[in-house]
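In what follows, a structure is listed as structure tokens, so that the remarks can point back to it.
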Amino acid sequence: YSIAIPPPNVTGVLHMGHALNGSIQDALIRLNRMRGRNTLWALGTDHAGIATQSVVEKELRADGISRHEIGREEFVKRVWEWREQYGSRIVEQLKRLGASCDYERERFTLDERYVKAVLKVFVALHEKGFIYRDNYMVNWDPGSGSAISDLEVENREVTDTIYSIDYPLEGSDEVITVATVRPETMLADTAVAVNPNDERYAGLVGRTAILPIVGRRLPIITDEYVDPEFGTGALKITPGHDVNDFEIGRRHGLEEISAIAEDGTMSAAAGEGYEGLTVLEARERVVAALRETGGIRAEEPYAHSVPYSHRSGERVEPLISLQWFCRMDELAKPAIDVVERGEVRFFPERWARVYLDWMNELRPWCVSRQLWWGHRLPVYYCDACEETVVAEEAPERCPGCEGELRQDEDVLDTWFSSALWPFAVLGWPDETPELAAFYPTDSLVTARDIIFLWVARMVMMGLEFRGEIPFSDVYITSVIQAPDGRRMSKSLGTGIDPLDEIDASGADAVRFGLYTMSSTQDVRYSPAKVQQGRDLANKMWNASRLILLNSGDAVAAPAPGRVEDRWIRSRLERTVASVTEKLDAYDFAHAALELYDFFWSELCDWYLEIVKPRLYDGDAETAGNLLHVLERVLALAHPMLPFVTEAIWAELPGDGERLPLVVSAFPEPDEQAMDAAAEAELGRQIDLTRAIRRWRDLAGVAAGDVLAARVTDGDRPHELVERLARLDLHADASGEVLAAVGPVEILASGGVDAERAREGVEARRAELRAEVARAEGKLGNERFVAKAPADVVEEEREKLARYRAELEELA
RNA sequence: GGGCGUUUAGCUCAGUUGGGAGAGCGCCAGCUCGACAAGCUGGAGGUCACUGGUUCGAGCCCAGUAACGCCCACCA
């Protein structure tokens with residue numbers, strides 16, 4: 001059984017997402033390890049190209065140094081130093097959570113062997129023709145000075161001014177009006193397009209417009225892309241700076257002018273008076289120039305979505321750039337199949353649809369980044385003969401002309417290396433024993449925001465390079481929001497540090513809280529659930545102390561005799577079965593809550609209270625039964641609450657051969673111990689106890705008072721009722737009967753206010769009458785009796801009989 | 001523009017195949033009962049967003065409406 005951890009960034013610090021994710025993976029790993037499976041939780045960190053480079057760059061800048069001053073080699077050296085110093089922070093933090101990763105085998109995506117894997121994949125995909133170099137429109141992030149992929153772009157709603165601009169027609173006084181929110185891009189316009197079916201412009205097609213300011217002649221062309229309903233129905237075409245215009249330009253063979261340079265300023269192609277200006281300055285100047293000539297017909301505010309870099313937060317500049325791309329269509333096909341066939345399953349299921357919808361629309365992936373920190377492309381150019389060599393090992397000389405070779409400056413997108421994680425973390429491309437034993441992995445536990453960035457690409461690469469799926473289950477965790485429902489974020493000040501929570505309440509408490517919060521939807525962080533976990537851990541400790549301090553020399557052994565002993569074991573085994581089932585189904589919330597209910601209510605509130613007197617008397621059978629239950633419930637709880645269970649486990653009696661709980665056996669539900677009769681019998685005693693307690697409260701009987709009572713018929717209540725409901729069944733049985741609760745008649749005695757008792761009884765009678773009326777109404781409905789299933793009707797009749805009986809008894 | 005999710009007790013959330021609405025916290029009342037006040041006992045509190053439909057019966061199924069949230073998308 002294996003899990004490859006989603007490798008945290010080396011720059012990362014543990015946040016609530018990691019804590020949830022780690023708690024879940026750890027429960028799965030511990031569960032399967034205890035089941036005796038050969039288990040690996042592979043650990044490692046991600047070099048995180050842009051993030052890490054920015055952190056180190058920022059540090060340098062604080063010292064007044066730019067990375068360009070010290071050069072690439074020195075800069076990369078500094079990043080490695082940074083990584084040596086801080087890179088293991090998050091790993092240490094995972095330990096505090098109790099994550100039982102394989103810390104001995106920690107990997108890093110820039111390890112020597114990992115680099116080998118990345119280069120091998122790049123070269124192989126290049127040989128297949130999937131990876132190629134092209135001059136193409138990319139998302140340029142001026143913040144990081146690099147191209148980024150479509151997935152690293154986020155669209156934000158922005159209100160800009162939309163300008164309607166008149167382009168004069170050549171040889172006429174007429175104009176054609178186009179609209180734009182980016183007037184500065186007109187400097188690179190090379191056409192005007194209209195819809196082929198737009199009759200308004202039919203006469204203009206084939207004529208020429210004159211680009212204001214610049215004076216360039218623009219052909220008026222037709223393209224289906226243009227929406228005649230939108231604006232004037234005429235569209236200025238800027239193939240160099242707009243994705244759609246680029247496509248249209250390629251369709252029509254238009255000139256591609258790059259008026260904006262990669263540094264975010266206007267290039268020489270923008271023309272005199274514009275070169276060197278920032279985009280915004282250029283915009284102002286273009287608008288001013290147009291105003292002067294009356295070229296602006298209208299300007300109005302316009303809300304639209306604009307691409308921003310997910311990394312740097314700067315506005316993305318679409319521009320044409322020479323980059324390396326990876327064609328995805330053929331890689332996607334098998335990756336679609338395995339999800340459609342259910343070989344890779346998503347939990348919750350609906351994410352499979354999201355995955356498939358995206359996979360069916362895959363466009364080429366821009367994999368090159370203009371950074372220094374990362375896997376440098378294994379691509380070598382010969383300036384002498386223009387040969388390009390793609391090879392894992394750098395060749396000495398150009399194979400064509402023996403000339404000098406120059407390695408490509410770019411590095412790969414970080415997600416390119418992460419895509420190999422499930423097999424590269426196990427040592428691929430070497431055929432290691434780990435790879436043989438643990439690939440494919442079992443569960444991938446991750447957040448939904450990287451389904452495309454990471455999950456999909458791992459499936460594609462796993463199938464391409466191992467011929468096998470990388471994992472069979474993908475569990476998508478909830479997103480944990482701040483308690484007020486906002487995003488948890490550092491900048492908003494809404495973040496909650498899991499380490500602070502661990503300090504305050506303990507790792508088990510935080511884990512329990514996170515399990516109960518986990519859901520199929522987003523949830524708000526609930527400090528109360530963490531407290532519930534802290535209380536449970538505390539309860540486990542105290543209950544264990546009670547048992548261990550009073551068990552003498554007893555050894556764990558199920559006691560056969562008493563109904564309550566059989567009852568608790570039956571409840572235990574059902575809990576074992578149910579909690580296990582929930583864990584296997586990734587239903588951690590119910591697993592945790594069912595454990596809580598069993599331990600708190602059934603074991604502590606009822607069973608311990610029932611057996612206390614015998615335990616104090618040194619009854620070995622009772623102590624043995626308790627130890628038996630305790631051992632099993634500790635083992636059951638261990639995957640979720642490792643610390644407190646292990647600590648108690650160490651205190652259990654034994655001959656010193658007891659293994660640590662972490663490597664002890666996980667309990668299998670024992671069908672033999674499930675005892676419906678015992679459960680029914682004790683259920684009756686508990687109901688009766690609670691009914692009498694309720695009566696006492698209604699009647700205002702002081703908590704400490706023992707009530708005189710007697711039993712009316714042969715159905716004698718168990719002695720536990722007498723004690724837990726504080727009755728004296730051996731008192732003088734001749735007093736006035738104040739009330740009958742089931743088979744128990746409560747007699748008048750000094751401490752009871754008879755009048756108030758009557759009120760209490762009357763309140764209960766009113767409840768019962770309402771229930772009787774409800775049941776009678778239902779059974780009086782002929783159609784219900786005729787159409788409802790027989791067992792439902794029968795059940796209703798039994799209820800009615802029961803309520804009538806109690807109503808009569810309650811004199 | 002398309003898709004997905006959510007709407008249940010004051011708060012945060014559960015509610016399996018339709019068959020008398022649940023938990024934790026909070027609230028009220030009462031408890032030094034030899035593990036635990038981070039505890040024990042009892043209790044109050046809900047036209048399950050809205051409208052219509054199917055059904056003997058709907059929190060659950062169907063259709064629609066509203067609000068909130070998320071994802072995807074090239075409309076100047």
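Every chain is numbered from 1, with letters handed out A, B, ... down the list of sequences. Just so we're clear, the structure is a prediction, and the values are computed from it rather than from any experiment.
The side chain of A/Ser519 lies closest to B/C13 when the candidates are B/G30, B/C13, B/G24. Side chain of A/Phe452, nearest nucleotide from B/A76, B/G42, B/C71: B/C71. Closest contact between the side chain of A/Lys539 and the listed nucleotides B/C36, B/G5, B/U12 involves B/C36. The side chain of A/Tyr616 approaches B/A35 more closely than any other nucleotide in the set B/A35, B/A76, B/G43. Considering only side-chain atoms of A/Asp535, the nucleotide from B/C13, B/G39, B/A35 that sits closest is B/G39. When the nucleotides B/G42, B/A76, B/G5 are ranked by their closest atom to the side chain of A/Arg690, B/G42 comes out on top. Side-chain atoms of A/Arg350 lie closest to B/C4 of the nucleotides B/C4, B/U41, B/C75. Among B/A76, B/G24, B/U12, the nucleotide with an atom closest to any side-chain atom of A/Lys529 is B/U12. Among B/A35, B/G24, B/C74, the nucleotide with an atom closest to any side-chain atom of A/Tyr225 is B/C74. The listed nucleotides are B/C13, B/A35, B/C36; the one nearest the side chain of A/Val523 is B/C13.
Judged by distance alone with a 3.5 Å cut-off, a donor-acceptor contact links the side chain of A/Glu609 to the base of B/A35. Taking only distance into account, the side chain of A/Arg448 never meets the base of B/C71 through a donor-acceptor pair shorter than 3.5 Å.
Using a 4.0 Å heavy-atom cutoff across all strands shown, A/Asp245 reaches no nucleic acid atom at all. If you check every strand for non-hydrogen atoms under 4.0 Å, A/Phe512 touches nothing. A/Arg774 comes within contact range of at least one nucleobase, with a heavy-atom separation under 4.0 Å. Among the protein residues, A/Leu593 comes within range of no part of the nucleic acid, since none of its heavy atoms lies under 4.0 Å from any strand. Among the protein residues, A/Val243 comes within range of no part of the nucleic acid, since none of its heavy atoms lies under 4.0 Å from any strand. Among the protein residues, A/Lys236 comes within range of no part of the nucleic acid, since none of its heavy atoms lies under 4.0 Å from any strand.
One can place OH of A/Tyr596 at 10 Å from C1' of B/C25, the figure rounded to the nearest angstrom. Nucleotide B/A35 holds its P atom 6 Å from the CG atom of A/Leu546, rounded to whole Å. If you take CG of A/Leu235 and P of B/A76, they are 10 Å apart, rounded to a whole angstrom. Rounding to whole angstrom units, CZ of residue A/Arg756 and P of B/G30 are separated by 10 Å. Protein atom CG of A/Leu779 is 12 Å distant from nucleotide atom C1' of B/G19, rounded to whole Å.
Separating the P atom of B/C56 from that of B/G18 is a span of 15 Å, rounded to the nearest Å. Across the P atoms, B/G52 and B/U12 are found 29 Å apart, a figure rounded to whole Å. A distance of about 23 Å separates the C1' atoms of B/G5 and B/A9, rounded to the whole Å. Distance check on atom P: B/U51 versus B/A44 gives 28 Å, rounded to whole Å. Taking atom P on both nucleotides, B/C60 is separated from B/C50 by 11 Å, rounded to a whole Å. Annotation: B/A21 and B/U47 have their C1' atoms spaced 13 Å apart (nearest Å). Comparing the same atom, P, in B/G59 and in B/G43 gives a spacing of 25 Å after rounding to whole Å. When the C1' atom is used for both B/C13 and B/U6, the distance is 12 Å, rounded to whole Å.
The ring of A/Trp541 does not lie on top of the base of B/A35; it is either too far (5.5 Å or more) or too tilted (30° or more).
With both pairing distances under 3.5 Å, B/C70 is matched to B/G3 as a Watson-Crick or G-U wobble pair. For B/U41, the paired nucleotide is B/A29, the pair qualifying as Watson-Crick or G-U wobble because both relevant distances are below 3.5 Å. Pairing partner, B/U55: none, since no Watson-Crick or wobble contact has both distances short of 3.5 Å.
Taking the six-membered ring where the residue is Trp, the centroids of A/Tyr586 and A/Phe347 are separated by under 6.0 Å. Proximity of the aromatic rings of A/Phe246 and A/Tyr136 is defined here by a centroid distance below 6.0 angstrom, and this criterion is met.
OP1 or OP2 of B/C40 lies within a sub-4.0 Å distance of a side-chain N or O belonging to A/Trp600. Not one side-chain nitrogen or oxygen of A/Lys612 sits closer than 4.0 Å to the OP1 or OP2 atom of B/C33. Within the 4.0 Å cut-off from OP1 or OP2 of B/A38, not a single side-chain nitrogen or oxygen of A/Arg534 is found. Regarding contacts with the backbone of B/U12, a side-chain N or O of A/Arg524 is found under 4.0 angstrom from either OP1 or OP2. Remark: A/Arg182 is not in phosphate contact with B/A76, judged by side-chain N or O atoms under 4.0 Å from OP1 or OP2. Not one side-chain nitrogen or oxygen of A/Tyr163 sits closer than 4.0 Å to the OP1 or OP2 atom of B/A76.
Of all heavy-atom pairs between A/Met359 and A/Ala456, the closest is SD-CB, 3.8 Å.
Cation-pi geometry between A/Arg457 and A/Trp365 is met: the NZ or CZ atom falls under 6.0 Å from the ring centre, inside 45° of the normal.
The distance from atom CZ of A/Arg182 to atom NE2 of A/His241, rounded to the nearest 0.5 Å, is 8.0 Å. In this structure, the separation between CG on A/Asp617 and NZ on A/Lys612 is 13.5 Å, given to the nearest 0.5 Å. A distance of 12.5 Å separates CG in A/Leu603 from CG in A/Asp597, rounded to the nearest 0.5 Å.
A heavy-atom distance below 4.5 Å is found between the side chains of A/Tyr607 and A/Asn625.
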Give me the distances for all protein-to-nucleotides 54-58 of chain B N/O pairs that come in under 3.5 Å?
{"residue": "B/C56", "atom": "OP1", "partner": "A/Lys787", "partner atom": "NZ", "Å": "2.2"}
{"residue": "B/C56", "atom": "O2'", "partner": "A/Asn781", "partner atom": "ND2", "Å": "3.2"}

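Remark: the backbone N or O of A/Val226 is not paired with any side-chain donor or acceptor of A/Asp223 at under 3.5 angstrom. The closest donor-acceptor contact from the side chain of A/Glu152 to the backbone of A/Ser149 lies under 3.5 Å. Under a 3.5 Å cut-off, the side chain of A/His304 and the backbone N or O of A/Val181 do not form any donor-acceptor pair.
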